[in-house]
Amino acid sequence: MKRYILSLCFVEVLLIMSCVDEDVNTPPPTIYFASDAKYEIVMGDTLFLQPRITYDQGSRYEWFVNNLLVGDELNYTFTPKEMTDYNFQFVVTNSYGSDTAEIYVCVRDCIDFSSFDNSKAPSSVRSLKTFPDSLDYFSIRDHLFSNTLNADSTMWGGFAWSCRTSIQTMLTNEAFGCAYITSQEANNNQYVAVSGYSEPIVLFNDEYVVKSIDVANDNFAFLISKFGYSDSTLVIAPFTQNDYLLLRIYGIDKNGELTPSFVEHSLVDCAYDNPAKYFRQTEWVTLSLKQLGRVAGLYFEITSNNEDFPPFCCVDNIKLQSR
């Protein structure tokens, strides 16, 4: 009988030790989100936030939006009320510890030049459409992009739709309006070329904060900066030390005036004594324009210290928010 009692006691001790070991060795919960917990949606969309949690045992959940508690379930359904940035926190807590995840949601409108109100995009690949079917502007959801031709129709100003993706190594007409991108990604293959030969102006259908815009070098301008250009009427020397090609983007207020502030971006910068160090942008670059504040439009100024240099670049993905 004593031996039986001792055996029972031994089993109980083993069970207790096993429970203690399990408690000691169980890690705290860990949260995982898809897309690095960064999302972009438009007004009217619904976003289902579904975290994956390891060691999720008897946990308590908390959702915060801009530091305000909004939910206590595992998943959260988010429907935005305005176009702005939302910062979420998701907290999971149980007896083994806790973990916190930061989630960023950008609610915006995006002008991606996939369609127009008053013009049809060409069906052929590698196209450049330099003027709309009617009037002197492209219209996208009532956002207006200026477009003009000179008297003999040999040069355009403002904006032209493009889907050219084949980089040219010679100065041909195919190099005009082609974004100079050396990577395989072509930024949706639809964008607009900007010509500074007349005022490149965008007028929005309302006032917005411009969250960002994508910018690339124009293939034709890139080649001229590197190799120069000459014909019977014009000679442009290749860029040398201190030459530059510069883009400035101003806001246009509701009265049609330019904002005092602007965003400046170098497309080509030769401020070095060694040509091997000259900078020429070869990828899409995203610029934040939030510092311009709420604006009713944008004005693009493309300048060089060489007054004969062609003022071209390419832009895409203009993202608009209410604040």
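We're numbering straight along the sequence, starting at 1.
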Q: Not counting sequence neighbours, list each pair that qualifies as a salt bridge (Lys or Arg N to Asp or Glu O under 4.0 Å) and has a residue in residues 236-251.
A: Arg248-Glu264

Q. Is Leu298 close to Leu289 at the side-chain level, that is, under 4.5 Å between some pair of heavy atoms?
A. yes

Q. Is there a side-chain contact between Leu171 and Phe220, using heavy atoms and a 4.5 Å cut-off?
A. yes

Q: Evaluate the side-chain proximity of Tyr61 to Asp56: yes if any heavy-atom separation is below 4.5 Å, no if none is.
A: yes

Q.
For the CZ atom on Phe131, are there more than 12 heavy atoms of other groups (residues, nucleotides or ligands in this structure) within a distance under 6.0 Å?
A. no

Q | Pairwise side-chain hydrogen bond (donor to acceptor under 3.5 Å, both in side chains) hits with a residue in residues 267-281, at least two apart | A | Ser225-Arg280, His265-Gln281

**Q.** Centroid-centroid distance, Phe262 to Tyr250, less than 6.0 Å
**A.** yes

Q) Can you pull the salt bridge (Lys or Arg N to Asp or Glu O under 4.0 Å) pairs that have at least one residue in residues 291-314, sequence neighbours excluded? A) none

Q. Ring centroid separation for Phe113 and Phe138, is it under 6.0 angstrom?
A. no

Q: Taking the side chain as every heavy atom from C-beta outward, state whether Phe300 and Ile213 have any atom pair closer than 4.5 Å.
A: yes

Q. Do the ring centers of Phe239 and Tyr244 come within less than 6.0 Å of each other?
A. no

Q) Is the Phe145-Phe116 ring centre distance short of 6.0 angstrom? A) no

Q. Is there a donor-acceptor contact under 3.5 Å linking the side chains of Ser114 and Asp112?
A. yes

Q: State, yes or no, whether a side-chain contact exists between Arg60 and Val92 at a heavy-atom distance under 4.5 Å.
A: no

Q.
Does any part of the side chain of Val295, heavy atoms only, come nearer than 4.5 Å to the side chain of Phe204, both counted from C-beta?
A. yes

Q | Minimum-distance pair of heavy atoms, taken over all atoms of Pro29 and Asn94 | A | CD-OD1, 3.4 Å

Q) Side chains of Asp231 and Tyr229: is there a donor and an acceptor less than 3.5 Å apart? A) yes

**Q.** Backbone N/O of Arg141 and side chain of Asn205: donor-acceptor pair under 3.5 Å
**A.** yes

Q. Looking only at atom types and distance, does a side-chain atom of Asn118 sit under 3.5 Å from a main-chain N or O of Ser139, one as donor and one as acceptor?
A. yes

Q: Would you indicate whether Tyr55, at its atom OH, is surrounded by more than 12 heavy atoms from other residues, nucleotides or ligands within a distance under 6.0 Å?
A: no

